[in-house]
Amino acid sequence: MNKTLRQLFTAVIVLFVILGISSSIIMVNRANSLSHDARNTRALYQTYGAPRGAILASDGTIIAKSDPVNDSFSYQRSYPEGSMYAPITGYFSIAQNADRGIEASENSLLTGESNALFWQHIKALFTGQENKGASIETSIDPKLQKAAMDALNANNEDGAAVAIEPSTGRILAMASTPSYDPNTLASHDTGAASKAYTELVTNSSNPMLNRATSQLYPPGSTFKTVVMAAALESGKYQLDTQIPAGALYTLPGTQTQLTNAETQGNGTDGKISLKEALAWSSNTAFSQLGVALGDQTVSDMAKKLGFDKSITIDGTDTNGIPMTAVASRFPTDVSQDKLALASIGQGDTVETPLQNAMIAAAIANDGKLMKPTIVDRVRFSDLSVMPDTKPQVMSNAFSADTANKLTEAMEAVVDEANPNLQISGVKVAAKTGTAQIGENNSSIDGWVMGFAPADNPKIAVAVVVHNVDLYGSFAAGPIMTAIMKEALQQ
């Protein structure tokens, strides 16, 4: 009998040990995944049961907030301007975990669960106050954001626009169209929220895609600024250096011929100055220049400007899902014909609109490329703040002398070839791009990037309009001009 009892006792102890180990595994190793599982209704009630922090524009305008409601979730997330700020805020929904925008990148601070809020938690325990999430104050200027979205929406464009403060890297506007209304996903009706999400992700126009950071486009002639920077930095070229151009250039090893959109881009007797080559966007000149420099030289300059790596705009893995931009790409180890095409922003060269805005900002900032940011500061519920975001230099891409020469040439782009981009009383430096896309190059991605005032830059802008039949100067130019005018009025 005693032997039987001992065996039973041992078996019970073993079972308890197994139970303890399995429970520990669940609590320690799977706690985070279970907590964030969309099917975990207890976690949902806990998350919605406390006020989530607000997201604000740079002037204090509320672009996302949580209000008390009389239902089982206690607080309702809302977005006062909906689609205007959706590329920035992302969404918060009971149907799907936040996976984009500031709602995702600053999630733990917004919910109040971040370790950075430790002392606020302690204070709440002693005072009995409700645990509240932190507010996120962004660098977004509401007037510039509205100007960008309104200009893109005026003709129902598929495109994006980014505005940056050159000296700091602060993102002042980030627009993407078509957009979506995150209020439809914030509904407390699970069925309605799930239906809205399904409709959005299956929509052929992909309105939830932030085209400013997550879509790659051939940059067309805007990439000539990168090639020109590489040429100037080599020490072998100056603005008045005569380089090969001509009315036609046959791609090496092929029968394909490049031409120029403007006869001025042909030069004289097959030659053109580097400055005029940029001003008149000479394809024949820059394709040959790219081949002469070599893919490694051009690639090295592109990398200094941010190519070939994803760019983190906001957040860390500890706070949520970081907001990042996909890597822009310039090809290496390619044949000369492909290098020639890549050097004029065609072929295998692709960029995000954010990347092109960063290039414009680097030129405006004496060759210093600043890390792009979108959050200025985090403010706790007791109004104390985390240290403000400080400007960081990503790279010294090129010298101030090179930046000044690029600026002079980009001013010529506006004053000589594209007077429609001029702003009265202000010097504008810009580069247009008309990237051929589609079957038989039947359509266009229209680009423009630039900054103003050219002699004292306050804002750098890049705009792309997808699948149009206009040159970049006319498709994207008016959008850039509208954003710049609004910025310069302030």
Side-chain angles (χ1 to χ4, degrees), residues 151-152 157-163 211-212 215-230 258-262 264-265 276-287 289-290 298 301-302 305-307 328-330 340-363 406 409-414 416-421 428-438 441-451 460-481 483-484:
L152 282 166
E157 305 289 15
D158 179 336
V162 179
R211 289 157 170 79
Q215 183 65 55
L216 293 166
Y217 303 88
S221 293
T222 62
F223 190 77
K224 291 170 183 173
T225 57
V226 179
V227 178
M228 186 170 178
L258 293 182
T259 59
N260 297 310
E262 304 286 349
Q264 292 91 332
E276 291 301 297
L278 191 77
W280 293 100
S281 201
S282 176
N283 290 329
T284 57
F286 272 93
S287 54
L289 179 59
V298 179
M301 177 54 68
L305 288 163
F307 276 68
S328 299
R329 299 191 302 269
F330 178 81
L341 278 177
S343 297
I344 59 171
Q346 295 280 174
D348 295 326
T349 304
V350 286
E351 282 185 44
T352 62
L354 174 67
Q355 175 65 75
N356 228 345
M358 289 168 62
I359 295 170
I363 298 169
L406 279 163
M410 290 170 69
E411 285 186 68
V413 169
V414 175
E416 295 181 23
N418 298 276
N420 59 299
L421 300 181
V428 177
K431 183 69 194 82
T432 60
T434 302
Q436 295 177 313
I437 61 170
N441 294 328
S442 57
S443 192
I444 288 169
D445 279 346
W447 280 94
V448 69
M449 52 89 92
F451 53 92
V461 178
V463 180
V464 65
V465 181
H466 175 60
N467 198 24
V468 292
D469 58 0
L470 293 171
Y471 288 145
S473 179
F474 300 103
I479 300 171
M480 181 188 76
T481 302
I483 297 168
M484 285 182 171

### Task
With side-chain contact (heavy atoms from CB on, under 4.5 Å) as the test, would you mind laying out the steps for Val464 and Gln215 before giving the verdict?
CA-CA 11 Å; Val464 65; Gln215 183 65 55; over 6 Å; no
### Task
Just do the side-chain contact (heavy atoms from CB on, under 4.5 Å) check on Leu341 and Leu258 with the steps written out, would you?
CA-CA 9 Å; Leu341 278 177; Leu258 293 182; 4.1 Å; yes
### Task
Determine, stepwise, if the pair His466 / Ile437 fulfils side-chain contact (heavy atoms from CB on, under 4.5 Å).
CA-CA 9 Å; His466 175 60; Ile437 61 170; 3.6 Å; yes
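Separation of atoms OG (Ser443) and CG (Asn467) is listed at 3.5 Å; rounding is to 0.5 Å. In this structure, CG in Leu406 is found 10.5 Å from CD1 in Ile359, a value given to the nearest 0.5 Å.
Taking the ring-ring contact (aromatic ring centres under 6.0 Å, His included) definition, one finds that Phe223 meets it with Phe307, Phe330, sequence neighbours left out. Looking at residues two or more places apart in sequence or on another chain, you find a side-chain contact (heavy atoms from CB on, under 4.5 Å) between Ala409 and Met228, Leu239, Lys275, Leu278. With sequence neighbours excluded, the residues forming a side-chain contact (heavy atoms from CB on, under 4.5 Å) with Val468 are Glu157, Ile444, Val465, Ala475, listed by chain and number. Listed by chain and residue number, nothing satisfies the side-chain hydrogen bond (donor to acceptor under 3.5 Å, both in side chains) test with Thr434 (two or more places apart in sequence, or in another chain). When the side-chain contact (heavy atoms from CB on, under 4.5 Å) test is applied to Ser473, the partners found at least two apart in sequence or on another chain are Asn418, Asn420, Leu421, Thr432. Every side-chain contact (heavy atoms from CB on, under 4.5 Å) that Ala429 has, sequence neighbours left out, goes to Thr407, Met410, Glu411, Phe451, Ala454.
The two residues Ala417 and Ala279 come nearest to each other via the heavy atoms CB-O, 3.2 Å. Contact record, Val227 with Ser343: CG2-O, 3.4 Å, taken as the closest heavy-atom pair. Of all heavy-atom pairs spanning Ser281 and Asn260, the tightest one is O-OD1, 4.4 Å. The minimum heavy-atom distance between Gly265 and Ser282, with the atom names listed, is O-OG, 2.7 Å. What you find for Met480 and Gly450 is that their closest heavy atoms are SD-N, 3.9 Å. When all heavy atoms are compared, the tightest approach of Ala163 to Val461 is CB-CG2, 4.2 Å.
For the side chain to side chain contact (heavy atoms under 4.5 Å, CB included) test with Phe286, the passing option among Thr284, Leu289, Asn283 is Leu289; the others fail.
A donor-acceptor contact shorter than 3.5 Å is absent between the side chain of Lys431 and the backbone of Val413. In this structure, Gln355 contributes its side chain and Leu305 its backbone to a donor-acceptor pair below 3.5 Å. Between the side chain of Trp447 and the backbone N or O of Ala462, no donor-acceptor pair lies under 3.5 Å.
Residues Val463 and Pro353 have side chains not in contact (no heavy-atom distance under 4.5 Å, counting atoms from C-beta outward). Leu216 is listed as a side-chain neighbour of Thr352, based on a closest heavy-atom distance under 4.5 Å. By the 4.5 Å heavy-atom criterion applied to side chains, Gln346 and Gln436 are counted as neighbours. At least one side-chain heavy atom of Arg211 sits under 4.5 Å from a side-chain heavy atom of Asp158.
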